[in-house]
There are 4 protein chains.
Amino acid sequence: MIHLDALNSGRREEFVAALGEIFEHAPWVAERAFARQPFSTVAALHETMMAAVAAATPEEQLALIGGHPELGGKIARAGSMAASSRQEQGALGLDRLSDAEFDRFERMNADYRARFGFPFIIGVRRHTRDSILAQFERRLGHDRAAELATALAEIGHITRLRVVAAVDGPGKPKSDGRLSTHILDTVAGRPAAGVRLVLKEIGASAESVLKETVTNSDGRTDEPLLAGAPLRIGRYEIAFHIGDYFARQGTATANPPFLDVVPVRFGIAEPEGHYHVPLLASPWSFSTYRGS
Amino acid sequence: MIHLDALNSGRREEFVAALGEIFEHAPWVAERAFARQPFSTVAALHETMMAAVAAATPEEQLALIGGHPELGGKIARAGSMAASSRQEQGALGLDRLSDAEFDRFERMNADYRARFGFPFIIGVRRHTRDSILAQFERRLGHDRAAELATALAEIGHITRLRVVAAVDGPGKPKSDGRLSTHILDTVAGRPAAGVRLVLKEIGASAESVLKETVTNSDGRTDEPLLAGAPLRIGRYEIAFHIGDYFARQGTATANPPFLDVVPVRFGIAEPEGHYHVPLLASPWSFSTYRGS
Amino acid sequence: MIHLDALNSGRREEFVAALGEIFEHAPWVAERAFARQPFSTVAALHETMMAAVAAATPEEQLALIGGHPELGGKIARAGSMAASSRQEQGALGLDRLSDAEFDRFERMNADYRARFGFPFIIGVRRHTRDSILAQFERRLGHDRAAELATALAEIGHITRLRVVAAVDGPGKPKSDGRLSTHILDTVAGRPAAGVRLVLKEIGASAESVLKETVTNSDGRTDEPLLAGAPLRIGRYEIAFHIGDYFARQGTATANPPFLDVVPVRFGIAEPEGHYHVPLLASPWSFSTYRGS
Amino acid sequence: MIHLDALNSGRREEFVAALGEIFEHAPWVAERAFARQPFSTVAALHETMMAAVAAATPEEQLALIGGHPELGGKIARAGSMAASSRQEQGALGLDRLSDAEFDRFERMNADYRARFGFPFIIGVRRHTRDSILAQFERRLGHDRAAELATALAEIGHITRLRVVAAVDGPGKPKSDGRLSTHILDTVAGRPAAGVRLVLKEIGASAESVLKETVTNSDGRTDEPLLAGAPLRIGRYEIAFHIGDYFARQGTATANPPFLDVVPVRFGIAEPEGHYHVPLLASPWSFSTYRGS
């Protein structure tokens, strides 16, 4: 990783060597941004690069977009990914498409290319399989101008993550989200410790366990449920195993308990947001909400 | 259906003719109860019959229990039930056992018979498949005295339903339960009308839709979700489709919405109880509880 | 009370004799309504009378309004009311004005008369002292046309109550409101019985106890907290004595308890509405909402 | 303030000079604790001093207790306290007793001295006026042994605060509490910013405003509502002005609003605890709980 100070004080060649591949096949973006040196924050550096893209000619913009690989190609490659790499994805990735979903992808890909003449670009690290499909469908309804703007905005999402990964320094742009939880035992008026939690992605056609953990003495998890990367737009469930917890507390309850494994389903729409999804529970009642 | 007045004023033969088959192969229960005529309520009639059972000799009690068919036989018959009759069950009935579950049933049946020397009796109309399996396992751990008492209590549950079906009159014993719901829109401070609800039984190995309905202008369902019979001990889910509801209200929300289809899972442990399971919801928060 | 059937089949003189004084000093309203006989509901009768008012000449409308006594006169009379009659009011009535409030009333009364040339009319049975003062202030800001319409609407509220009191029959117009409550113990998952409740009106300058009661075995009050009359627009408090309740349950708590006497303050804006204000409580948490 | 390291490495005279007055008129406590030098934490130092008290002879313990001034004397002094010092108390302190309360205090003081022969000792910084009165009453019911133990425990509370104030170093004993809040707007699913809050102590005979503040953009207050000292055992209210907040949001509501100024009353029983008292609110519903 290079430091912003080095970029600010370095020569043009060094600058372009360091940042020329942030925008695929378009070192001219780094070259033009160099003219605006120095940058007070990493975020300002990325914004300046995006301003250079916005100020480019239509032909240059189109070439930039066209320089991205097809999403279809990614899917094909995904099929042959090593198991370890798939596991890293930790979710219902594009490598796990059913035959029907694969056909749908292929068809939309072809339709998109036919309609707009350039490949479908999306920041896949901010999406689940379902939200990519939903975006595909929605964007096929765009006119050409709206879709060009959308494609450039997606390039902004993709390159922001690359800048964050490549450049160290002050004022990094917000590029990761966070999902956290907290369980309060409303019978005892204190955090519920030792409650098992299972976080799943709930896809349209399948579910995938993302994390299994247990609350600590503060009723929280030692690590956030999700953090360190953008959240993927999609649907999720946290299953709170409060039946076992209250049984261990000796709280009088029924058999089977009224509340046992409590699933809380929710959607994530802001990849860079903080989603706090707590549970306030007795053996007979619970509340949840998007907190902060 | 015969009226309690007719039983109270009738002769012994008529009484026994009307009630002799309430207890399987044991007309003596009705005969002995006749001596306590008249009965002020239908409940008193059933209690008197059960008191006659409690006062009977051990040999008579054992014969009463032994007169019941094996649950295993019921399962076999269930496999050949007409589709219409299966549908009436409306749940994960014994006719839908997987091979593994069927084997488990057969094995427990054999173990039970070997251990106690009499058939396993359970008021199946108060149970789901899962709770029958759970009861089987639990009762195999009983000593003989405890299990005899349990078997007689189950005969009480079975015959209470038969008395209610056979005799009209005041003071019928409580033999049915009720499941109801209510949805409150906490943004508008009024009942949420037109919300789709799906009630499911959540079995250990499968799920079964019991009812699909929509809330009326009072935020309730026109009919209770379950009523007119005992509730079956087991696990259930109501899925509240509040995402669509709030979208129709024009309430600003996210895409995908934070709350869309909200599943509320709960256990029913009292077949003759009233379970009111309401939802208080905004697009970003909800509460539920066992109400009354 | 006369029955709608009698009015529908009777002669003009009888009709006017029965209803001529519903609108003060304006028997012509009853006379003109008679022409629309028969009426299918009591509500239709009142609506027809109000339609006659709406269709009257400006001079007739003004005379109708002018025929009402000054609110100021009512206040003066209130000061000399018998104690029993004051108690019936059961709230912070106009008879209990502080000197400062009395002066404010007098001043607004004079301003109103000077501005509009007719007396201030308001359906006092739908208001608390505070809401009368608020209405006075608001209506002083009206132009003459808006205020005429408001005065006629208030005559509608006043006469609706009179029609309901004078005429029996089907389809009575909604003229009373209801305030009810319910307490759920979320530790035990059942209604909280035996909880003391105190309902107060919370005036800007004073408070007044309207009712003290205790919840029954269903967690409700045997009678609604308020019913049988319009609710008075204003601010209220229900104090729920749940500390004592949980102490009696033996639920472990703190000293002093975290929750003891829980005041819930709320406003009533719809005199003919149903306000259900329940409490869901553990010793450490509670929720409340406008229910239905 | 002296550092623990200095105490650990210093000579006996220095140790006693620094800590001899922590226990009133009882330098022997410090002297005996010196024998246990060194101490790994400040808490261990205080515990060792308390262990020396516990191991002392009955006569020594009694002399220690007797060396404390009467609470009655404190009250007298309070009456003549400078206004600034009273304000620091920030609550319904002993200087603000009504005549009736003062008489009650005097009477209990005399009764206590007559019954036990030593002065009533209580860590006043952990109490409100009401809880001192409640403790007085409760402890008058003790037998002598129980009350001696209680008096020593209170000396522990008093001296813990003195040790914390006098000695710097690792592992300070927990001696302060914290009251915090958070407001969540459940209509918008985000923190409610700009909500006015008023914190009061609710005494049996009077109320006292402790703090008025406004929530920041995270729905919290910039400073905790109470912190940096023990919380005083007693009853409190936070009034949340959410009516104005929702009016500013343009959220449709009623006039008067159903929820306007929402008072949440709660008791504090643990002076060294953290009380988090949040509000989840829409214009028509709210929840609160003791959180963490």
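First the proteins, then the strands, lettered A, B, ... as listed; each starts at 1.
One side chain, B:His46 or B:Thr159, offers a donor N or O that lies under 3.5 Å from an acceptor on the other.
When each of D:Ser287, D:Ser282, D:Ala188 is checked for heavy-atom pairs under 4.5 Å with chain B, D:Ala188 comes out on top. Ranked by non-hydrogen atom pairs under 4.5 Å with chain B, the options D:Leu184, D:Leu280, D:Val187 are led by D:Val187.
Between D:Phe258 and D:Trp284, the angle of the ring planes stays under 30°, which puts this pair in the parallel group of the 30/60° scheme.
Residue D:Ala254: no heavy atom, backbone or side chain, is found under 4.5 Å from chain B.
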Begin from the C-alpha positions of D:Phe266 and D:Tyr275 and carry the test ring-ring contact (aromatic ring centres under 6.0 Å, His included) through to its verdict. CA-CA 10 Å; D:Phe266 57 95; D:Tyr275 286 76; 7.1 Å; no
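Screening residues 188-245 of chain D for ring pair (Phe, Tyr, Trp, His ring centres under 6.0 Å), with sequence neighbours left out, gives no hits.
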